[in-house]
Amino acid sequence: MFRYYLRLALLSLKRNPILSTLMVAAIGIGIGVCMTALTVYYLMSADPIPAKSSQLFAVQLDSWDPNQPVSEARPEQAPWQLTYRDAMALRESDIATHETAMYYSARIVVSENEAVPPFLAWVRLADADFFSMFGVPFLYGGPWSSEVDETARPVVVLSKRTNEQVFGGANSVGSDLQLDDQIYRVVGVLEEWNPIPKIYDVNNGPFNDTEDIFLPFSLAELASDRRSEGNTSCWKDEDITSYTGFLNSECVWIQYWAELDSPAQVREYQAFLDNYVREQQRLGRFERPLNNRLTSARDWLDVREVVRDDNRVLVSLAFMFLAVCVLNTVGLLLAKFAGKAPQISLRRALGASRGTTFAQYLVEIGLVGIAGGLLGLGLAFLGLAGVRSFEGEYSKLAHLDPVLVGAAILIALLSSLAAGLYPTWRACRIPPAAHLKTQ
Amino acid sequence: MLKMQHVSKIYRTDLVETHALRDFGVHVREGEFIAVTGPSGSGKTTFLNIAGLLETFDGGSYLLDGEDVGRLNDRRRSRVRNEKIGFIFQGFNLIPDLNVFDNVDVPLRYRGFDAAERRRRIESTLDLVGLGSRSKHIPAQLSGGQQQRVAIARALAGSPRILLADEPTGNLDSLMARQILELIEDINARGTTIVMVTHDPELARRAARSIHIIDGKVSDLEPFDPPAVAIEARASA
């Protein structure tokens, strides 16, 4: 019967092209607006590493000002980042399966190829575990060895785009590359990799591109002329006159992540953090109450409010707009079914039960919904192209993926069915005899 | 075949109650052809609608083919309508979007026949009404008489036990009306019970028997010739 209903639905839509077009347009416009807002929201709130997001933990230590919390608005929170010396101390632990300290910096890339002018590259200094923890794929080579994390050596991992820019995309492992005035040996080249949001460092733009170059964190101590390019927060009135002074200061600028595979490991690591802080308290640091936090990557996006309230409001407004479109469709369907009353009476007289009639018209409404969904997808593509044209932080988020396409069709289908329930129910209540004499 | 006893039907609005049928009784035996006559508003169509399970009634009993159909739910009523009753309307009531074949197909779809069985029945009934060559035409391409033939084919395709016709020739000229009536008589001769509402005394005379309804009651019976008394109509005292 479904194919029969489908054929009847197509005939019915063809019979009233203006009414049908209006219904499809109402659903389509609602879906277009809704999907444009929802796409940005969905990608903002996506889990970029679902396989490991419950095992990766952001580490926070409350080394902040004893007189005030790091955030007046969220006084329960500890600073998002660590001091350099705390990060170095945590690196000594062997509790975590993997762990990495990291920060954001920059270097000037000087290519041997004269056709490639020197350019500024964004750099992430991290430990070797960074690559396995965050599932970073390699095109050539691999990460540096763990010895490099202990003893700094000038090695570098390039992003795919940097390798293409400097080496034309060839396997550059083993090649030398000049960053500022230092020569580095290329040990690895990444595959295309661009997690959204950039979960490992939401401090410095959660929707920014991944860095161009990755260097060992152990080089930080030597990078006196290239400090962090990321957010650095200081609370203490310290007389910082040298790079060593900065490294030993209470300024926080290092992101720290630990991979903890079991609840027991989490408890052990938490105890380690608390013991470390208590020890530091005895040395006169960490004057605030104990507030050391391990937050899973899954929760980190919520804690860091990567999806802002205005995005949620936008999505709510978009769905309200869809509701208005659905209400309009209800009106159009009531008009359409009023015109169909004689035919409904006839079909009832010829043996269609209320349930059969209901099913027949739901198929027709579903068809309107699918057509509206397809139109809505087209409008969403246009809307997202508009978002991309602004080139702001949302420009990377304005892409439909198969899940969103499926969601668009599903939402359109559900919307149209919601719109059609009342008109269809009314149509089914038409007594069989009501219009047979008047046709 | 069709037996109503003490049937009443009242249409109610906020202000008015209209008694469309009162203490109405009729008995139609299998294979009969009866005409139902009466002035406008007398209750002929209400009787036909109740007989066809298109409307419910307020009191009394109604047995169709031995089954008490007064208390059936919607699904069962629809099933009985589809399997046992064929309708012919004054206004033909064809679906304008569908061609002749698909119009005749409508009740068969609800019956659940497979495609081959539907095709066999449709072709056979269209041949019976003389429209075998017009199956791809849409109703607008047919004359009034041809449209009524399609409606008759649609009513017959499911092999109903009883055919209910409401002014089947009311929208046709005399020549076409005569042809349609001859077709209905032919169908009756093949064994299908027919109840026909008509205003036309000439047509009523073509039926084996007729009943006259006034103000929702059977006011007059015209007895059949032997072999059997086929109608028991009770006017209320």
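Not measured: the values here are computed from a predicted model. Letters go in sequence order (proteins before strands), and every chain restarts at 1.
Nearest heavy atom pair, residue I27(A) against residue G369(A), reads CG2-O, 4.2 Å.
Within residues 321-341 of chain A, no residue has any heavy atom under 4.5 Å from a heavy atom of chain B. Annotation: residues 353-364 of chain A contacts chain B through S353(A), R354(A), T356(A), Q360(A) [non-hydrogen atoms, separation under 4.5 Å]. Inspection of non-hydrogen atoms places R7(A), L8(A), L11(A) of residues 5-12 of chain A under 4.5 Å from chain B.
Between atom SG of residue C428(A) and atom CD1 of residue I344(A) there is a gap of 7.0 Å, rounded to the nearest 0.5 Å. The CG atom of L384(A) lies 8.5 Å from the CG atom of L404(A); values are rounded to the nearest 0.5 Å. Atom CD1 of I213(B) and atom OG1 of T46(B) lie 9.0 Å apart (nearest 0.5 Å).
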Using side-chain hydrogen bond (donor to acceptor under 3.5 Å, both in side chains), reason through S124(B) and R121(B) one step at a time and then give a plain yes or no. CA-CA 5 Å; S124(B) 139; R121(B) 284 172 175 263; over 6 Å; no

Given side chain to side chain contact (heavy atoms under 4.5 Å, CB included), test L163(B) with N188(B) step by step and report yes or no. CA-CA 9 Å; L163(B) 202 59; N188(B) 177 242; over 6 Å; no

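The side-chain contact (heavy atoms from CB on, under 4.5 Å) test with I10(B) singles out one residue from D58(B), T18(B), L21(B), and that residue is D58(B).
Contacts of L98(B) with chain A are made by side-chain atoms alone, with heavy-atom separations under 4.5 Å and no backbone atom involved. If you measure heavy-atom distances from R111(B) to chain A, you find no contacts under 4.5 Å at all.
L142(B) is listed as a side-chain neighbour of V150(B), based on a closest heavy-atom distance under 4.5 Å.
Taking D102(B), T56(B), N73(B), I85(B) one by one and counting their heavy-atom pairs under 4.5 Å with chain A, the maximum is reached by D102(B).
Listed by chain and number, the residues in a salt bridge (Lys or Arg N to Asp or Glu O under 4.0 Å) with R15(A) are D97(B) (sequence neighbours excluded).
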